[in-house]
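Below is one structure, written out as C-alpha cells, with a few remarks after it.
We use all heavy atoms of the structure for the numbers below, so side chains are in, but hydrogens, waters and symmetry mates are not. A note on names: the letters A, B, ... follow the listed sequences, proteins ahead of strands, and every chain is numbered from 1.
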Amino acid sequence: MIIIVSLLVLAMLVAAVAALIYRDLLSAVIASCLVSLLASILFFFLQAPDVAMAEASIGAALVTAIFVIAIRRTKRYEE
Amino acid sequence: MRATVGLILLAVIGVGVGISLLAIPFGAPKTEIGDYYIENAREDTGATNVVTSVVVGYRAFDTLGEVTVLFVAALGLGAVLATAGGKRGRSGVEPASLILSAGNIFLFPLILLFGAYIFTHGHLTPGGGFQGGAVIASAFLLVYLSSPGKRINESGATLTESVSGLVFVAIGLLGLTYGTHYFLANFLPKGTLNTLFSAGIIPVIYCAIGLKVGSELAGVVDNLMEETE
Amino acid sequence: MTEKVGRTAPRARDIIHLLLVLFITWLMLTSSLHWQEVTMGAFLSLVLALFLARSYGRLGLPPLSLIRVWRLGVYFLVLFAEIVKANIDVAYRVLHPRLPINPGIVVITTELSQDVAKVLLANSITLTPGTFTLDIQGDKLLIHWINVKSEDTAEATRLIAGRFEKHLKAVFA
Amino acid sequence: MSFLHDYVYYIGAFGLVAIGLLIILVKRNLIKLIIGLSILDTGVNMFLISVGYINRGTAPIFSRPGLEPDGMVDPVPQALVLTAIVIGVAILALALALAVRFYKSYGTLDLRKAKELRW
C-alpha cells in the first residue's frame with residue numbers, strides 16, 4: 001500500500017515538473033491535469049471521497065477545458 | 001536576476017515550511033470540533049455524510065458566502081470579456097464528426113441524470129451540490145465540443161441561477177420564523193436516517209447549489225468560448 | 001426546413017423511449033427499490049425526458065420492443081467475444097519477436113442507415129484492439145488497421161465490420 | 001519505511017507547493033503562471049486533507065450500520081477543501097479571462113513585453 005502511494009506521489013511530482021519545463025502550453029496544461037487526477041486518487045486513499053470527486057470533476061475536467069479554451073484564444077507556445 | 005531571487009526566496013520558504021511540517025504528526029486526531037461533528041451530526045442534521053452536514057448544516061452560512069464568491073467571479077469574467085457593442089459569435093469552427101454529435105445526443109440526458117443523482121444523494125453518499133454541478137457543466141461542455149456554433153439559452157441559465165440562489169436565501173429566512181429561530185435553521189422534519197427524503201433542508205439546499213453551480217460554470221465556459229470582435 | 005423541424009413538439013414515442021432509458025439508468029445508479037428513490041427517479045427522468053426528447057428523436061431510434069433488447073444483449077456478447085479474440089491476436093503480434101504488423105488506413109462502407117447504429121458500429125470497431133475508427137462520412141468509415149489484410153473496400157468491410165453488422169442490422173431493422 | 005509512511009503525503013503536498021511557487025516566480029508567460037497557481041492550489045488542498053487523516057481511519061460517512069464514529073477521519077478539513085476547490089476554479093477562470101484580455105491589448109502573453117507591468 002505504502003509503495004503504491006509513494007509511486008503515485010512520485011508520478012504526481014514528475015507531472016508537476018513536466019508542467020514547469022514544457023514550452024508547449026497545451027502539454028503543460030495536460031501535465032497539470034495529470035497532477036489533479038493523481039491528487040484525486042490520493043484524496044481517495046486519504047479517506048476523503050467527497051474531495052476526490054470534486055477534484056476529479058472540477059480540477060481534472062473543467063479546469064483543463066477552461067485552460068484549453070483560453071489557449072485556443074491566445075497563443076500555444078511560450079516564447 | 002529574477003530567477004536567482006526567486007530561487008533564494010523559494011529556498012527560504014522551503015526550509016521554513018519543511019521544518020514546520022516535520023513537527024505535525026501524520027495520522028493522529030487533531031481537532032476536537034471534528035469529533036463533535038462526527039458524534040452529533042446524525043442527531044443534529046439527520047445526514048449520514050458528515051462532510052455534507054458540515055458544509056450545508058453547521059457551516060451553511062459560510063457556503064452561502066462561497067456561492068456568492070462563485071457568482072461574483074462569473075459576473076467579473078463576463079464583465080472582463082465583454083466589449084461594448086461587439087459582435088458575438090464563434091469563428092473558425094468546424095462541425096464535429098458524427099461519432100461526437102450522435103454520441104452527445106445520446107449521452108447528454110444520461111450525464112444530466114448522473115449530475116442530478118450526485119446532488120440529490122449528497123447527504124447519503126459522497127458527492128453533493130458542487131460535484132453534481134460540475135458534472136452538469138461538463139455535460140454542457142460536451143455540447144459545445146459537438147456543435148461549436150451552439151450557445152446555451154442564456155436567459156434560461158440566468159433564470160436557473162437566480163431562482164436557485166433565491167431558494168437558498170429563502171430557506172434560510174424561513175428558518176428565522178419556524179423552529180429554532182436562526183438563519184438557515186433546519187426546520188423541516190429530519191426523517192429516517194439513510195433514506196432519500198431525510199435530513200430536512202439539506203437536500204433542498206444541495207439541489208439549489210447543484211443547479212446554481214452547474215448553470216454558473218456552464219455560463220463561464222460559454223463566456224470564455226465566445227469570440228468578441 | 002431543419003429550423004422548422006427543430007421547433008415541433010416531441011413525439012410521444014421518443015419521450016417514452018428516453019424516459020425508460022433514464023429510469024433504468026437511475027435504478028442501476030441507486031441500486032435500491034425504496035419508494036422514495038423510485039419516486040425521485042421517475043420525477044427526474046420525466047422532467048429530463050420532456051425537455052430533451054426532441055433532440056433525442058433525431059437519433060432515429062427504432063420502436064422499443066423486448067426482442068430488440070434481447071438482440072442488443074446478443075450483440076454485446078458477440079462484441080465481448082470479438083474483443084477477447086482481438087486482444088489475444090494483438091498480444092501475439094506485440095510479443096512476437098519479428099513484430100508481424102502492417103499498419104495502414106482503409107475505407108469500409110456500411111449498410112446501416114441510422115446515425116446511432118453507425119456510431120455503435122464505429123465504437124465497436126474502436127473498442128476491438130487492432131482497429132480504430134478515425135471518421136465517419138456518409139456511409140463510409142475511415143479505419144486505422146494494425147494489420148491490413150486487404151486494401152479492397154468490399155473485402156475490408158467483410159473482415160472488419162461483417163461480424164458486427166449482421167447483429168446490428170437485426171437490432172435496428 | 002516508517003519515515004515514508006509518516007511523510008509521503010506531506011512530501012507530495014510540499015513538492016506541489018514548491019513547484020507551483022517556482023513556476024510563478026520564474027516564468028513570465030501569463031498562462032504558465034496560472035498553471036503554477038493551480039498546481040499550488042492542489043498542493044495546499046493535499047496538505048489540508050493529509051493533516052485531517054487518522055491512521056486506519058474510514059471516510060466520515062455512516063453508509064453502513066456497523067461503522068463506529070471513533071475511527072473516522074476529521075471532516076472539517078474535507079469541508080474546507082471542498083469549498084477551496086470550487087473557489088479555485090472560479091479564480092482560475094477569472095484569471096484566464098484577464099489573460100485573454102491582456103493578450104488582446106498587448107498582442108502577447110509575456111509580462112516582460114508589457115512595460116507598465118515590469119518589475
Side-chain angles (χ1 to χ4, degrees), chain B residues 2-3 5-7 9-10 13-14 17-18 21-22 24-31 33-35 37-39 41-42 48-55 58-59 62-63 66-67 69-70 72-74 76-78 80-81 124-126 128 130-131 133-134 193-194 213 216-217 220-221 223-224, chain D residues 5-11 13-14 17-19 21-22 24-28 47 50-57 59-65 67 69-87 89-98 100-101 104 112 119:
Chain B
R2 186 180 149 130
V5 173
L7 283 175
L9 206 63
L10 195 69
I13 295 172
V17 175
L21 273 186
L22 289 177
I24 302 173
F26 178 74
K30 275 135 210 135
T31 59
I33 188 75
D35 291 338
Y37 286 152
I38 290 175
E39 290 288 341
R42 279 173 297 178
T48 48
N49 185 345
V50 184
V51 177
T52 298
S53 64
V54 175
V55 171
Y58 296 107
R59 295 169 61 85
D62 179 63
T63 306
E66 185 206 353
V67 168
V69 171
L70 195 60
V72 172
L77 184 134
V80 165
L81 286 180
L124 305 175
T125 54
F130 297 109
Q131 294 95 326
L193 210 64
N194 237 332
V213 170
E216 251 160 16
L217 290 180
V220 163
V221 171
N223 264 327
L224 266 175
Chain D
H5 173 263
D6 282 350
Y7 291 109
V8 66
Y9 289 106
Y10 286 169
I11 292 168
F14 179 61
V17 171
I19 294 167
L21 266 180
L22 193 64
I24 292 175
L25 287 173
V26 172
K27 293 287 175 177
R28 290 188 175 86
F47 172 67
S50 47
V51 164
Y53 184 71
I54 290 172
N55 281 328
R56 279 178 292 284
I61 299 168
F62 294 94
S63 48
R64 282 177 283 123
L67 285 170
D70 288 341
M72 284 189 170
V73 302
D74 201 337
V76 181
Q78 297 195 12
L80 287 179
V81 169
L82 199 59
T83 315
I85 288 175
V86 181
I87 296 292
V89 69
I91 287 169
L92 278 184
L94 189 58
L96 280 172
L98 287 171
V100 168
R101 197 83 189 128
K104 266 198 189 133
R112 276 175 302 183
W119 67 290

B/Leu70 side, atom CG; D/Ile91 side, atom CD1 - distance, nearest 0.5 Å: 10.0 Å
To check you understand the geometry: which heavy-atom pair defines the closest contact between D/Arg101 and B/Val80, and what is its length? CD-O, 2.9 Å
How far does CG of D/Leu98 sit from CG of B/Leu77, to the nearest 0.5 angstrom? 8.5 Å
Those residues that, when tested against B/Arg59, pass side chain to side chain donor-acceptor pair (under 3.5 Å) (two or more places apart): B/Asp62
Might you point out which heavy atoms bring D/Ala93 and B/Val220 nearest each other, and give the distance in Å? CB-CG1, 3.7 Å
How far apart are the closest heavy atoms of D/Phe14 and B/Gly14, and which atoms are they? CZ-O, 3.3 Å
Is the shortest side-chain heavy-atom distance between D/Ile85 and B/Phe130 below 4.5 Å? no
How far apart are the closest heavy atoms of D/Phe62 and B/Ile38, and which atoms are they? CZ-O, 3.7 Å
Could you grab the distance from atom OG1 of B/Thr52 to atom CG of D/Leu82, nearest 0.5 Å is fine? 8.0 Å
Here the gap from B/Leu224 atom CG to D/Leu94 atom CG, rounded to the nearest 0.5 Å, amounts to 10.0 Å
Scored by heavy-atom pairs under 4.5 Å with chain B, the best of D/Val73, D/Thr83, D/Ile11 is D/Thr83
Point-to-point distance, once rounded to the nearest 0.5 Å, from CG of D/Leu96 to CG of B/Leu81: 10.0 Å
Scanning both residues in full, the closest heavy-atom pair of D/Ala90 with B/Ala73 reads CB-CB, 3.6 Å
As an exercise: rank D/Val86, D/Val76, D/Leu80 by heavy-atom pairs under 4.5 Å with chain B and give me the winner. D/Val86
Any residue meeting side chain to side chain contact (heavy atoms under 4.5 Å, CB included) with D/Ala84, in chain and number order, not counting sequence neighbours: D/Asn45
Side-chain heavy-atom pair B/Val17, D/Val17 within 4.5 angstrom cut-off: no
Tell me, out of D/Val26, D/Ile24, D/Leu22, D/Val100, who's got the most heavy-atom pairs with chain B below 4.5 Å. D/Leu22
B/Val55 side chain reached by D/Gln78 side chain, heavy atoms, under 4.5 Å: no
Side chain, backbone, both or neither: which part of B/Gln131 has an atom under 4.5 Å from a heavy atom of chain D? side chain
Any idea which heavy atoms bring B/Ile24 and D/Phe47 closest together, and the distance? CD1-CZ, 3.8 Å
